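Residue numbers start at 1 and run along the sequence shown. Please read these numbers as outputs of a predicted model, since none were measured by experiment.
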Amino acid sequence: MKILITGAASGIGLACTNHYREHEVTAIDKQDLDLNDLAAVNQFIEKNNDYDAFIHCAGIREIERPDQLALEVWQKGMNVNLTASFLLSQSLIKQALADERPLNIVNIASVSGFQAEPDRAAYVASKYALIGLTKQLAYQYGKEAIRVNSIAPGIIETPLTQAYFENAEFSARIKAAIPVGYWGTVEHVVSLVDMCLTNTYINGAVLVCDGGWTIGRNI
């Protein structure tokens, strides 16, 4: 299987890259391709559009009040989290349709894609939209053997969330808010990526992986 993975230098992207190392993997991160640079993304697409699977793990987030959020920061979040996935998916879908062959796309979204969070307007909006894009593409192309799914992780221990776990008080609050009593690891997410790639009846799904964090509130 020939797989394209974004955000491959750390976190979930790195875990996916390692997990699928026996396959033919193209693993890209900011050092290889800045997804905020849409011109560069389009140049990449011109030479790289022949894959069996695409796993979009790249993601960035801001922590800033919406009334203070610069348009540049907003747009960067949209470009990396959403627009890059659309452009890459669009190109891969065109090629798959031309070749009349299957294609699997997995977007790593977030539970932030269906709930608000403090000071994360661009991140939350982009993840909502990424889930919407997943459903639209799945609906549009399912009959062409092109399946598109998303995974919505909750608190997963990665470099992006490392600061959470360095604060004992905040870590305790996280555990108290998660029904299973602990946060997740990248392996929890990778197993769901596997499911998306291998189960041919999963299409347009949003697989939540959050230990039950979003099913209720500890109040």
Undergrad: Where is the tightest heavy-atom contact between Ile151 and Val106, given as atom of each residue plus distance?
TA: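 Shortest heavy-atom separation between Ile151 and Val106 comes out as CD1-CG1, 4.0 Å.
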Undergrad: Is a side-chain donor or acceptor of Tyr139 paired with a backbone partner of Thr134 at a separation under 3.5 angstrom?
TA: no
Undergrad: Indicate if Leu192 and Ile202 have the same hydrophobic cluster label, given that clusters are the connected sets of ILVMFWY residues with side-chain heavy-atom separations under 4.5 angstrom.
TA: yes
Undergrad: What distance do Gln68 atom CD and Glu62 atom CD have between them, rounded to the nearest 0.5 Å?
TA: 13.0 Å
Undergrad: Looking at Thr6 and Ala27, would you say the former's side chain and the latter's main chain have a donor-acceptor pair under 3.5 Å?
TA: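 Such a contact is absent between Thr6 side chain and Ala27 backbone.
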Undergrad: Decide yes or no for Asp210 and Ile178: does some side-chain heavy atom of the first lie under 4.5 Å from some side-chain heavy atom of the second?
TA: no
Undergrad: Applying side-chain hydrogen bond (donor to acceptor under 3.5 Å, both in side chains) between Ser112 and each of Glu117, Arg61, Arg120, report the one that passes.
TA: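 Among the candidates, only Glu117 passes.
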Undergrad: Are Leu71 and Ile63 in one and the same hydrophobic cluster, where Ile, Leu, Val, Met, Phe, Trp and Tyr link if side-chain heavy atoms are under 4.5 Å apart?
TA: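 No, Leu71 does not connect to Ile63 through the hydrophobic network.
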Undergrad: Rounded to the nearest 0.5 Å, what separates atom CG in Asn36 from atom CG in Asn79?
TA: 5.0 Å
Undergrad: So, Asn42 side chain and Ala39 main chain: donor-acceptor pair closer than 3.5 Å or not?
TA: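 No; zero donor-acceptor contacts below 3.5 Å.
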Undergrad: Hey, does Asp119 have a side-chain heavy atom less than 4.5 Å from the side chain of Arg65?
TA: yes
Undergrad: Heavy-atom count around Lys2 NZ within 6.0 Å, excluding the residue itself: above 12?
TA: yes
Undergrad: Which heavy atom in Pro179 sits nearest to a heavy atom in Gly211, and how many Å separate them?
TA: CD-O, 3.3 Å
Undergrad: Might you point out which heavy atoms bring Asn107 and Ser85 nearest each other, and give the distance in Å?
TA: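 Scanning both residues completely, I find the closest heavy atoms to be OD1-OG, 2.7 Å.
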Undergrad: Any idea which heavy atoms bring Phe114 and Ala152 closest together, and the distance?
TA: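 For Phe114 versus Ala152, the nearest heavy atoms are CE2-CB, 3.9 Å.
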Undergrad: If Ile, Leu, Val, Met, Phe, Trp and Tyr residues are connected whenever their side-chain heavy atoms lie under 4.5 Å apart, and connections chain through other members, are Met195 and Val206 in the same group?
TA: no
Undergrad: Would the number of heavy atoms belonging to other residues, nucleotides or ligands and lying under 6.0 Å from CD of Gln31 be above 12?
TA: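 Counting other residues, nucleotides and ligands, CD of Gln31 exceeds 12 neighbours.
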Undergrad: Indicate yes or no: at least one non-hydrogen side-chain atom of Gln95 is less than 4.5 angstrom from one of Arg101.
TA: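 Of all side-chain heavy-atom pairs linking Arg101 with Gln95, at least one is under 4.5 Å.
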Undergrad: Could you tell me whether the side chain of Ser91 and the main chain of Leu88 form a donor-acceptor pair under 3.5 Å?
TA: no
Undergrad: For residues Val193 and Ile108, determine if any side-chain heavy atom of one lies less than 4.5 Å from a side-chain heavy atom of the other.
TA: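 Yes, side chains in contact.
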Undergrad: Might you point out which heavy atoms bring Ala109 and Ile131 nearest each other, and give the distance in Å?
TA: CB-CG1, 3.7 Å
Undergrad: Would you say Leu87 and Leu137 are hydrophobically clustered, going by side-chain heavy atoms of ILVMFWY under 4.5 Å?
TA: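 Yes, it is one cluster - the side chains of Leu87 and Leu137 are joined through contacts under 4.5 Å.
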Undergrad: I want to check something: taking the side chain as every heavy atom from C-beta on, are Lys94 and Ile45 in contact at a cut-off of under 4.5 Å?
TA: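 In short, these two side chains do not touch, never coming nearer than 4.5 Å.
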Undergrad: Less than 4.5 Å apart, side chain to side chain, heavy atoms only: is that true for Tyr20 and Asp194?
TA: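 Yes, side chains in contact.
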Undergrad: Can you tell me how far apart CG (Asn104) and CG (Asn149) are? Round to the nearest 0.5 Å.
TA: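 CG of Asn149 is found 7.5 Å from CG of Asn104.
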Undergrad: Quick one: are Val208 and Pro153 in side-chain contact, heavy atoms under 4.5 Å?
TA: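 No. Closest side-chain heavy atoms not under 4.5 Å.
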Undergrad: Atom CD1 of Ile155 and atom OG of Ser171: how far apart are they, to the nearest 0.5 Å?
TA: 10.0 Å
Undergrad: Hydrophobic clustering (ILVMFWY, side-chain heavy atoms < 4.5 Å, transitive) - are Ile105 and Leu33 grouped together?
TA: yes
Undergrad: Would you compute the distance between atom CG of Asn81 and atom NZ of Lys76 and round it to the nearest 0.5 angstrom?
TA: 10.5 Å
Undergrad: Of the options Leu4, Thr17, Ile5, which is the one that meets Thr26 in a side-chain contact (heavy atoms from CB on, under 4.5 Å)?
TA: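 Among Leu4, Thr17, Ile5, the one meeting side-chain contact (heavy atoms from CB on, under 4.5 Å) with Thr26 is Leu4.
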Undergrad: Identify the two heavy atoms, one from Leu14 and one from Ala9, that lie closest to each other, and give their separation to 0.1 Å.
TA: CD2-O, 3.7 Å
Undergrad: Pair Val148, Ser89 - check side chain to side chain contact (heavy atoms under 4.5 Å, CB included), show working.
TA: CA-CA 9 Å; Val148 188; Ser89 296; over 6 Å; no
Undergrad: Decide yes or no on side chain to side chain contact (heavy atoms under 4.5 Å, CB included) for Tyr141 and Leu103, but give the supporting numbers first.
TA: CA-CA 10 Å; Tyr141 298 106; Leu103 172 66; over 6 Å; no
Undergrad: State, with a plain yes or no, whether a side-chain heavy atom of Ile55 is found less than 4.5 Å away from one of Ile3.
TA: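 Counting from C-beta outward, Ile55 and Ile3 do come under 4.5 Å.
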Undergrad: With rounding to the nearest 0.5 Å, note down the distance linking CG in Leu82 to CG in Leu130.
TA: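 Here the interatomic distance stands at 6.0 Å.
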